[in-house]
Amino acid sequence: MSGESFENLSYEDRTFTPSQSFIDNANTKSDIYDEANKDRLAFWEKQANRLSWNKKWDQVVDWQLPFAKWFVGGKLNASFNCLDRHVIEGRGERVAFHFEGEPGDTQTITYKQLLSDVCKATNALIELGVKQGDRIAIYMPMIPQAAIAMLACARLGAMHSVVFGGFSADALLSRIQDADASLVITADGGYRKSAAFALKGAVDEALKGSTNVKNVLVVKRTGQEVAWGSKDVWWHEIVDRQSDKHEPEFFDSENGLFILYTSGTTAKPKGIYHTTGGYLTQAAFTHHAVFDLKPETDVYWCTADVGWITGHSYVVYGPLINGATQVMYEGTPDTPTKGRVFQLIEKYKVSILYTAPTLIRTWMKWGDEYPNGSNLSSLRLLGSVGEPINPEAWMWYREVIGKNNCPIVDTWWQTETGAIMISPLPGVTATKPGSAMKALPGIGAEVVDDEGNAVGNGRGGYLVLTQPWPSMMRGIWKEPVRYKDTYWSRFNNLYFAGDGAKLDKDGAIWLLGRVDDVMNVSGHRISTTEVESALVSHEAVAEAAVVGAKDEMTGQGIVAFVILRGGIEAAKGDTLVKQLRDHVAKEIGAIAKPRQIMVVAELPKTRSGKIMRRLLKDVAENRAVGDSTTLADPNVMKLISEGLQSGKSED
Ligand code: PRX
């Protein structure tokens with residue numbers, strides 16, 4: 001990102017203060033910042049006391065840059081904190097999940113019921129030989145068993161690696177291999193857009209590769225036909241007959257809790273590794289402070305899938321530790337009508353809604369009649385996550401969904417940070433439409449220039465984190481050098497997040513998107529290199545370059561430029577383009593399908609052979625092509641632009 005584009009943000013002078021009654025009843029007051037500033041470690045110790053520890057820690061943090069340990073020597077069990085504690089303390093009858101399947105089937109699951117379901121699943125995992133430290137791949141639709149499976153792994157001190165159900169068999173295989181998973185938990189399929197989709201078939205396909213998977217545990221969700229092999233075990237056959245009692249063991253604070261793969265700047269996804277005590281502390285604290293949860297009265301709904309970090313921290317761990325009552329919905333927001341989410345808000349009297357800008361913009365496009373068709377008066381707080389929210393979408397969210405009555409928390413964080421880092425506090429902060437405002441108490445964030453110097457108010461630069469934090473990743477699974485290089489080598493002693501940001505004249509933080517080769521499509525991270533390598537693995541493609549182009553709905557859209565191999569006829573362009581898009585879906589998953597593929601004769605490269613994506617981005621965004629003087633062949637951009645005008649190969 002150039003210096004100029006850092007600076008080009010117009011100044012937003014609207015601010016919205018919370019109502020007096022919200023301020024009066026808020027979980028956190030303005031003095032919390034001072035408290036954290038005065039003694040950061042004491043502040044985090046206090047937050048760690050939200051959890052139930054079997055043994056208290058000896059040391060708050062052991063920081064050997066870039067490796068952190070938090071609450072060293074403490075012992076706890078994540079599943080106990082999410083479940084047993086509530087039952088022991090008399091909250092067993094509270095609803096944990098109002099589950100709504102896409103076809104309209106429902107389940108009401110209390111904390112007591114959830115504990116008993118998790119104990120049964122845990123006992124089944126023990127029967128299948130799972131033990132502390134094992135890695136378990138979870139590939140599921142958004143149904144209660146997804147959360148139950150995660151909590152059962154955690155209960156045993158085994159690590160889950162949830163792979164989003166939209167990823168392909170190939171993507172699943174590479175994640176199973178990288179983590180060396182011994183068990184896969186899946187379902188026959190799930191419901192999406194009024195149809196059953198298959199998951200078990202993809203697992204079967206993946207397991208044709210070389211793995212150490214001993215069993216596949218399969219939830220029957222749709223009843224569709226599935227192939228059955230010697231490793232396969234039905235969930236209902238093994239789990240239902242187990243005892244619903246299980247005494248949890250307490251594990252070290254730094255025991256591995258999960259691995260979650262996310263795209264980096266190379267073709268190989270990074271296994272982001274999180275441990276227990278620090279992660280749970282920050283997930284619970286931020287869920288309490290940012291969402292202002294009142295567990296006895298609120299109904300909280302985070303629309304994220306458990307396949308993403310938001311589903312880990314703000315569907316499973318944070319809310320359950322805090323004893324929240326949640327809505328969990330399996331399907332898409334347009335099925336059977338575009339008013340589905342709003343109908344569910346009315347039905348369950350949802351008071352806190354946490355969703356993504358891409359969905360908010362989609363709702364704007366569909367029209368106000370859908371939200372206006374339901375009673376949304378139960379809402380009292382709105383949240384946003386995953387990508388920058390544009391001021392128009394923010395204002396629409398506030399006015400049409402929140403009826404000007406709900407504070408909005410725009411929360412910035414990452415798979416790597418584990419929990420929210422930058423966000424307003426809803427009963428404290430005067431918010432600006434489109435700004436994540438400032439670092440939470442106990443968190444150090446800064447915007448710096450190329451040399452790592454703070455830019456000061458009114459200037460743009462790179463977002464960095466200046467202090468270790470409890471829920472920080474502990475590394476990239478089996479790749480310590482890559483961990484160091486990716487996050488800790490760009491600036492001295494600072495965590496480089498990969499995002500551009502600007503401080504406005506009041507010091508509020510405005511996120512400006514990624515500054516590396518990572519795209520953000522509908523709030524999902526996809527690496528340009530990963531899509532490029534999927535494209536070149538197709539026999540027709542010699543070379544590919546991929547850029548993220550601005551997209552009104554999805555934030556960014558994937559645009560690919562490909563050079564075909566000799567002998568492949570470009571005239572067959574359209575069928576070929578379709579084949580290539582399908583090929584990317586097969587290699588990575590449908591979310592990575594390029595919006596547009598352009599067949600070109602040459603790609604713009606520097607003399608050292610580096611593809612100049614900046615120029616391709618200009619083409620993809622229909623702009624005049626920028627400075628191309630460093631190209632090895634300055635004519636290339638002219639050829640690409642001319643070629644596109646004569647035969648645009650879009651589908
Ligand atoms: O670019 C930032 C963007 O999403 C990236 C993290 O993606 P992921 O690890 O998939 O986690 C998404 C959910 C936490 C960040 O580097 N991002 C996330 N939240 C925001 C955001 N960009 C702007 N504003 C946000 N609130």
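Read the numbers this way: they start at 1 and go in the same order the structure lists the ligands and their atoms. Scope of the values below: all heavy atoms of this structure, side chains included, with no hydrogens, waters or symmetry mates. Keep in mind it's a predicted model, so treat the numbers as computed, not measured. For the single chain, residues carry numbers from 1 onward in sequence order.
- For ligand 1 and Asn520, the ligand atoms under 4.0 Å from any heavy atom of the residue are 3 (C), 4 (O).
- Scanning the protein heavy atoms around atom 10 (O) of ligand 1, the nearest turns out to be Arg525 CD, 3.3 Å.
- In summary, the atoms of ligand 1 found under 4.0 Å from a heavy atom of Asp410, numbered by their order in the structure, are 25 (C), 26 (N).
- With ligand atoms numbered from 1 in the order given, ligand 1 contributes 13 (C), 14 (C) to contacts under 4.0 Å with heavy atoms of Val385.
- The protein non-hydrogen atom at the shortest distance from atom 23 (C) of ligand 1 is Pro388 N, 3.1 Å.
- Nearest protein heavy-atom neighbour of atom 9 (O) of ligand 1: Thr415 OG1, 2.5 Å.
- Under the salt bridge (charged side-chain N to carboxylate O under 4.0 Å, His left out) criterion, Lys617 pairs with no residue at all, not counting sequence neighbours.
- Protein heavy atom in closest approach to atom 13 (C) of ligand 1: Thr310 OG1, 3.5 Å.
- The nearest heavy-atom contact from the protein to atom 1 (O) of ligand 1 is Asp499 OD2, 2.7 Å.
- Between Trp413 and Ser471 the shortest side-chain heavy-atom distance does not fall below 4.5 Å.
- Between the choices Glu387, His312, His524, the shortest heavy-atom distance to atom 22 (N) of ligand 1 belongs to Glu387.
- Nearest-residue assignment for atom 12 (C) of ligand 1 (options Gly311, Ala436, Gly386; heavy-atom criterion): Gly386.
- Under 4.0 Å is where a charged nitrogen must lie from a carboxylate oxygen, and between Lys268 and Glu479 at least one such pair does.
- Checking Val546, Leu535, Ile588 one by one against Glu530, the side chain to side chain contact (heavy atoms under 4.5 Å, CB included) holds for a single residue, Ile588.
- A ring-centre distance under 6.0 Å is not found for Tyr273 and Tyr483.
- Between Phe291 and His287, the angle of the ring planes lies from 30° to 60°, which puts this pair in the tilted group.
- The pair Arg459-Asp449 fails the salt-bridge criterion, with no side-chain N (NZ, NE, NH1 or NH2) lying under 4.0 Å from an Asp/Glu carboxylate O.
- Arg613 is linked by a salt bridge (charged side-chain N to carboxylate O under 4.0 Å, His left out) to Asp517, Glu532, counting only residues two or more places apart in sequence or in another chain.
- Looking at ligand 1, you'll find an N or O of Gln414 within less than 3.5 Å of one of its N or O atoms.
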